[in-house]
Amino acid sequence: MKEYNFKEVEKKWQKIWEESGLHKTDFSESKNKLYVLEMFSYPSGNKLHNGHWYNYAPSDTWARFKKMQGFNIFHPMGFDAFGLPAENFAIKTGVHPKDSTDKNTVFMTEQLKQIGATYDWEKTLDTSKENYYKWTQWLFLQLYKKGLAYKANAPVNWCPKDKTVLANEQVINGTCERCGTQVIRKKLSQWFFKITDYAEELLEGLEKLDWPEKTKKMQFEWIGKSIGSEIEFKIKNSDKTFKVFTTRPDTLLGATYCTLAPEHELAEQITTQENLAKIKAYKEEVVKLSELDRLSASREKTGVFTGAFAINPINNEEIPIWISDYVLVTYGTGAVMAVPAHDERDFEFAKVFGLPIRKVILQKGTKIETELSEAYTENGTLVNSHGFDGMESVLAKQKITETLKQNGKGEAKINYRLRDWLVSRQRYWGSPIPIVNCEKCGEVAVCEKDLPVTLPYDVEFTPDGDSPLAKHKTFKDTTCPNCNGKAIREVDTLDTFICSSWYYLRYPSVGNDEVAFDFEITKKWLPVDRYVGGAEHATKHLLYARFVTKALRDLGFLGFDEPFLSLTHQGTITGADGRKMSKSLGNVINPEPYVEEFGSDVFRVYLMFNFAFEEGGPWEDSQVKAINKFIKRLYNAVQNGILVFETQNNFVQTQEEKKAGSELYYVLNNSLSGIWKDTEKFHFNTAIARMMELVNEIYKYFSLPKENQNPATVREVITKLVLAFAPFAPHLSEEMWRDLGNTDSIFKESFPKYDESKLQKEMVEIVLQVNGKIREKIEAERDLGTKLVEEIALSNEKIKTFTDGKQILKVIVVPNKLVNIVVR
RNA sequence: GCCGAAGUGGUGGAAUAGGUAGACACAGCAGACUUAAAAUCUGCCGAACGUAAAAGUUCGUACCGGUUCAAUUCCGGUCUUCGGUACCA
């Protein structure tokens, strides 16, 4: 029998597919179009790792499965090539980010091709190339013109020694990963995208998306809508005021102090002379903390009294103003009215500093004078609230807000936790921001016709306080598009999340240098029908892409609301130790040795069989050999089958053949039915299990004497087996398809259908229970009446031993499954 | 801390409009073939008690409790692990 040589065969088919243009998409035909997309990869020095394979290989199986259902597939792949790692690598080794990135991209493309996927390589893209980032800059300009891009101050991680901005991951326990210096939070002028303008729509749009519920939930919580009131407090002996946002205006009379974020603009202004030194010292400590630290409720509360007092607008009471790091300047107004009796954090703070705790909400069944041992944060009845006593929380919220509004001291307000998207980076390896600053005209957008603002190659990366581009004179110095006078360019670059927020729009239009995306093609081919990628992007990339889509729609460029109609997450493959794969932990597993030893098909099937696609799990490879064996078994079954139906011409039917044949047809249909349903849902492991059952059954049939094997049966079963396996092991299946006498690609065929009528067996097993415990299993004809089944169960000898002498209370019959007899 | 998930044999994993827990595999054990090994094939394979062997009984889906004739599935609580927490992508 023929031996299967995967090395030759896989290479051969990859070549044939490429040369015949099998995976090229015909964009003129949008009937039955299906845009399948996986999150593109960052071309890191670690090359393609198992995580990529785990994302891409099964998704490709899904795409091929869909192709065999007659869909016109568009399945592109590209590179998210700008980013921090290349720049860090450059700082460390001196290798230019462009050089290392280009090298990695070439290498990874070769590795991607080994997967044998249906990628249309004519439509690939690389976000670090001018012909891509030109349009990233164009996108920035569109948002800028619409007023969705603006500049403001925001804190960044700053290493005082290196004089450079650090990414969160470069901060290790509050210190700089390069030099170990204590990192501080420093304010810099930065560009933002106004994603908050779309908060409500981003929230509402979630409902109609075919996305995992958990992802929608995460975005929902991330956007964090809360309904409440904004209340203005006046500062005593001053004309200054500040606003607080609260979801509990009903507790306003329980406010015993106010707290400002240390960064609040009033914090120092209102502080009295004798407290200024303390406030300054406190602020110096706070800049050392990350937001994560500050939000941690397990830390003991800290804070300092400013010496100033605020006037409670509802009763003119004077209450002290403190500053504390548990109030964040980025949420709400950066100031809170503190109601220790009814807010956990305020309660803790009040305990630490001995501030008064005044109960204003009464919990049902408790007394007014009972002291609180912890904050009571639920609704209740108002007490100690002059003029509002006896009201329920819900009504009081409304009434108090109304009263404030009449006095111009407050109003109902919806607040979102979502913050605007900070898009500027003080780095080199990213797209330049297409803005210049003119001495006369101020901030001016670069003209669209002058795009791209090219990222220069010859720069100095060494961190020394300025963005690398700031030291590049010919880049920085330019002329104003308005007045032609002297101007300087923005020297920051754009967040790489911008590159990935619109790349799905670009793919079908790759090659068109006139526009970011062709209007006609986009209308026909977008949005993405199925998007596959990691759940770790839930609240960033996936939210940004939704925002950009909506913004471009409002600008008139797009006719749809959502970029990704349906979404599937592959699980994370962790190291064998269960921890995230990372170079520093030394637990990274690469695909090469597996592909080298067993071939792409085996590795694909292995990844799909050994993990639940959406779960992932720790790496383990004990079953790779088993899959290799299974594939050989399948291949040999096909070869043997071909031998049978090509040479067998004296078939004699026997009773045994009839029985085996009918069993084989049952398993064939049952397997195909399972494979259809499971593959559709990305449940590849169970689909492959059904395939294994079919192969096992085929071997059983082959154990009949040669002359008793029906060649027609064998031909049908083998043909369907090969077709069904094609999306899973594409190279092998093409080869087997050829062995079966076909000349064209198997992927032009239809996925084999199954016969629903053959899925029901005549006899079913019925479980007999007494008091919920299984006591007997019987064979019975399908669809017997409930009464009859009940009688059979009650008259069963074994069952009688459990029911004799007992009172039968109830009999539950689940058709074709089970009978439960309840006795006492 | 907060938000979102997950926890099932020695292992990877099946099964949830509540209805036979462990499909399909791996590892292991026993056997066939072989001079032998590999490869291949066949059988057994959650635990305890029980039996010469069966039969059988009880327990068992992280832990504690609840709802129900019936719970891996639904509800409440606890623990552990993973993802995110706004400059990793």
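In the text below, chain A, chain B and the rest are named by the order of the sequence lines, each starting its count at 1.
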Touch class at under 4.0 angstrom, heavy-atom based, for A:Val811 against every strand present: nothing
Separation of B:A89 P from A:His537 NE2 (nearest whole Å): 9 Å
Selected nucleotide, minimal atom distance to A:Leu295 side chain, candidates B:G1, B:G13, B:C87: B:G1
Pair A:Glu87-A:Arg427, salt bridge (Lys or Arg N to Asp or Glu O under 4.0 Å): steps then yes or no: CA-CA 8 Å; A:Glu87 192 159 337; A:Arg427 303 188 197 288; 5.4 Å; no
Atom-pair distance (CD on A:Glu615; C1' on B:A15), nearest Å: 14 Å
A:Phe725 and A:Phe728 aromatic ring geometry - parallel, tilted or perpendicular at 30°/60° bounds: parallel
Rounded distance in Å - CG (A:Asn696) to P (B:A25): 5 Å
Shortest side-chain distance from A:Arg633, nucleotide among B:U20, B:C41, B:A86: B:C41
Under 4.0 angstrom between A:Arg345 side-chain N/O and B:G1 OP1 or OP2: no
Nearest-Å distance for atom pair NZ/P, residues A:Lys817 and B:U20: 7 Å
Touch class at under 4.0 angstrom, heavy-atom based, for A:Ile774 against every strand present: sugar-phosphate
Interatomic distance, A:Ile778 CD1 vs B:G19 P [rounded to whole Å]: 20 Å
Torsion-based syn/anti label for B:G9, 90° from 0 as limit: syn
Pairing partner (Watson-Crick or G-U wobble, both distances under 3.5 angstrom) of B:G4: B:C82
Touch class at under 4.0 angstrom, heavy-atom based, for A:Val822 against every strand present: sugar-phosphate
Residue-phosphate contact under 4.0 Å: A:Asn610 side-chain N/O, B:C26 OP1/OP2: no
Sugar-phosphate only, base, or nothing, as touched by A:Lys777 at under 4.0 Å among non-hydrogen atoms: base
Selected nucleotide, minimal atom distance to A:Phe802 side chain, candidates B:U20, B:U57, B:G83: B:U57
Among B:A23, B:A86, B:C26, the one nearest A:Glu693 by side-chain distance: B:A23
Atom C1', compared across B:A53 and B:C44: separation rounded to whole Å: 15 Å
A:Phe630 CZ to B:A25 P, straight-line distance once rounded to whole Å: 9 Å
A:Lys151, NZ: over 12 other non-hydrogen atoms inside 6.0 angstrom: yes
Sub-4.5 Å side-chain heavy-atom contact between A:Leu494 and A:Phe140: yes
A:Lys580 side chain, from C-beta outward: closest of B:C87, B:G83, B:U58: B:G83
Distance in angstrom units between A:Leu418 CG and B:C3 P, rounded: 17 Å
Trace of the ring pair (Phe, Tyr, Trp, His ring centres under 6.0 Å) decision for A:Tyr544 with A:Phe193: CA-CA 10 Å; A:Tyr544 295 148; A:Phe193 280 169; 9.0 Å; no
